[in-house]
Amino acid sequence: MLTNTATRYGSLARFFHWSIALLILTAIALGLIGDNTPRNADTVARLQTIYSAHKTIGITVLLLAVLRIGWAVTQPRPVPLHPERRAETLAAEVVHWALYGAILIMPLSGWVMHAAESGFAPIWWPFGQGLPFVPKSEAVAHTAGAVHGLSAWVIILSIAAHIAGALKHQIIDKDATLARMSHGRDAGDAAATHGRAAPLLAVGLWIIVLGVALFAAPSTPAPEAQGEKAELTGEAASVVPADGPTWEVQNGDLTFSVVQIGTPVEGHFDTWSAAITYDDTTGIGAVTVNIDTTTLTLGSVTDNAKSEEFFNVAAYSTATFTADITRTGEAHHAAGNLTLAGAIVPVTLPFELLVEGDVATMTGSVELDRRDFGMGAGYTDESTVGFGVTVTVNLTATRTD
Ligand code: HEM
Ligand code: HEM
C-alpha cells in the first residue's frame with residue numbers, strides 16, 4: 001500500500017526514505033573525496049566530474065526532499081515501537097527530525113554556494129547554474145560554504161547515530177523497527193503517541209548549528225570593504241613618467257575571463273593601482289598599473305590559479321603594466337610591457353575613452369595568451385584551460401591638475 005498507517009510505513013514513504021538515503025550517502029562520499037583530492041593539473045578534470053556529480057545528486061535530493069515532506073505531512077507517522085523507553089525514543093526522533101532538516105539545508109546551502117561563485121563543475125542539468133536571488137559574491141559563497149561544511153558534520157553524525165540505532169534494534173532488540181522500514185512490516189501499538197519535544201529539540205539544534213556557521217565563519221571582507229578605493233588611488237600621480245595632466249582613478253574593475261572545460265569563467269583582481277597622465281588636447285599620455293596578484297579570485301579554482309602552475313603569487317605578488325598612451329582618430333592604445341609571473345611581454349591594450357570636463361571613463365580589453373607567461377605548462381591543450389585570456393579594464397578617473 002502507498003499510504004502509511006499508525007503502525008506501518010507505506011511504499012511511498014519507504015521509497016523516499018531509501019532513495020534519499022542512497023543519494024545522500026553518495027553525495028557525502030563524493031563531497032569528502034573531493035575535499036581530500038589535491039587540486040592540480042592532473043586532478044582538475046577528475047575534480048570537476050566529482051563535484052558535478054556531487055551537485056547533481058544533491059539537487060536531486062532537494063527535489064525528492066520537497067516531495068517527501070509534502071507527502072509526509074499528509075500521512076500518519078508510524079508510532080514508536082518502545083514508547084516506554086522514553087530517552088531512547090526521544091533520541092531516535094530528534095535524529096529523525098534533524099535528518100529532515102539536513103535534507104533541505106545541505107542541498108540548499110550547497111546550491112547557494114555554487115550560485116554565488118563562478119564556473120567550475122556545473123550541475124548537470126539544462127536549467128542554468130545561478131539562483132535568482134543569489135548574487136555572484138565571494139562573501140555569500142563563503143558563508144554558504146561555512147553552513148555547508150558544518151552541516152556536513154551534523155548530517156554525518158546524525159546518520160551514524162541513526163544507522164547505529166537501526167542496527168541495535170535489529171541485532172540486540174531483535175524487533176521489527178528495520179523490517180517496518182525495509183519491508184513495510186506492520187508492527188507497534190497504534191495507541192502509542194509521539195513526544196512533542198523531539199521536533200523542537202531538532203529545530204534548536206539547527207538554529208545553533210546555523211548560528212555558529214554564520215557568526216563564527218571567518219569572513220572574507222567584500223571588496224568594497226577592503227579600502228579598494230584607497231588602494232586604487234594610493235599611488236596615483238606618483239610614478240608617472242610622462243608630462244601632462246594627471247588623473248586619479250576613482251573606481252574601476254580589473255577582470256579577466258578564461259574558458260575552463262568549455263565554460264567561460266570570470267576572475268578579478270581586488271587590489272591594483274593606476275598612475276595615469278594624459279593630455280586630451282594631444283591624445284598623448286602614459287600609464288603604470290600595479291596589480292597585487294595575491295588578491296585575484298577565479299571562482300572555485302582561486303587557489304589553483306594562484307599556485308606555482310599559474311600566477312605563482314608566492315614568487316610574483318605584483319604584476320606591472322607600463323605603457324604609452326596614443327590616440328589615432330577616436331581610437332586609443334596603451335602600448336607597453338606587461339610583467340607578470342616572471343615574464344615580460346609586450347602588450348597593446350586598445351581602449352575607449354570618454355572625457356567630460358574633468359572626468360574620464362575608459363573601457364578596454366585585450367586578449368592574452370597564457371603560454372606567453374609560462375602559465376599552465378601542464379595543460380598542453382585547451383580541453384581544461386583555454387590558452388586565450390581576455391583581460392578587461394573599466395575605470396573612471398578625475399583630473400587632478
Ligand atoms: C543506510 C542506512 C539507513 C538505515 C539502516 C535506516 C533505517 C531506518 C529505519 C529502520 C527507520 C524507521 C525508524 C522507526 O520506525 O522508528 C528509519 C527512519 C527514518 N530514516 Fe533512516 N535509515 C538509513 C539511512 C537514512 C538516511 C541517510 C537518512 C537521511 C535523510 C534517513 C532518514 C530517516 C528519517 C527522516 C526517518 C523517519 C521516518 C520518515 O519520516 O521517513 N535514514 N530509518
Ligand atoms: C544531499 C545534499 C548534500 C550533501 C549531503 C553534501 C555534502 C557535502 C560534503 C560532506 C562535502 C565535503 C565537506 C566540505 O568540503 O566542507 C561537500 C562539499 C561541497 N559541496 Fe556538498 N553536499 C550536498 C549538496 C550539494 C549541492 C546541491 C551543491 C551545489 C549545487 C554542493 C556543493 C558543494 C561544494 C562546491 C563543495 C566543496 C566545498 C569546498 O571545498 O569549499 N553540495 N558537500
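For reference, positions follow the sequence shown, starting with 1. When a ligand or atom number is given, it counts from 1 through the structure's own listing order. This is a predicted model, so every value here is computed, not measured.
- Side-chain contact check for V345 versus L340: every heavy-atom pair is 4.5 Å or farther apart.
- A donor-acceptor contact shorter than 3.5 Å links the side chain of R14 to the backbone of Y9.
- Look at R68 and you'll find a heavy atom under 4.0 Å from some atom of ligand 1.
- Formation of a donor-acceptor pair under 3.5 Å by the T339 side chain with backbone atoms of A319 is not found in this model.
- Summarising the contacts of atom 34 (C) of ligand 2 with M106, H148, M113, the nearest heavy atom is found in M113.
- Scanning H54, H114, Q129 for the heavy atom closest to atom 17 (C) of ligand 2 points to H54.
- Under 4.0 angstrom from ligand 1, the non-hydrogen atoms of H96 come from both its backbone and its side chain.
- Only the side chain of Y100 comes within 4.0 Å of ligand 1, counting heavy atoms alone; its backbone N, CA, C and O stay farther away.
- Side chain of W247 to backbone of Y278: a donor-acceptor contact under 3.5 angstrom is found.
- Both the backbone and the side chain of L178 come within 4.0 Å of ligand 1, judged by heavy-atom distances.
- Taking the side chain as every heavy atom from C-beta outward, V393 and F351 never approach each other to under 4.5 Å.
- By the 4.0 Å heavy-atom criterion, W18 is counted among the residues contacting ligand 1.
- At a heavy-atom distance under 4.0 Å, no atom of R77 approaches ligand 1.
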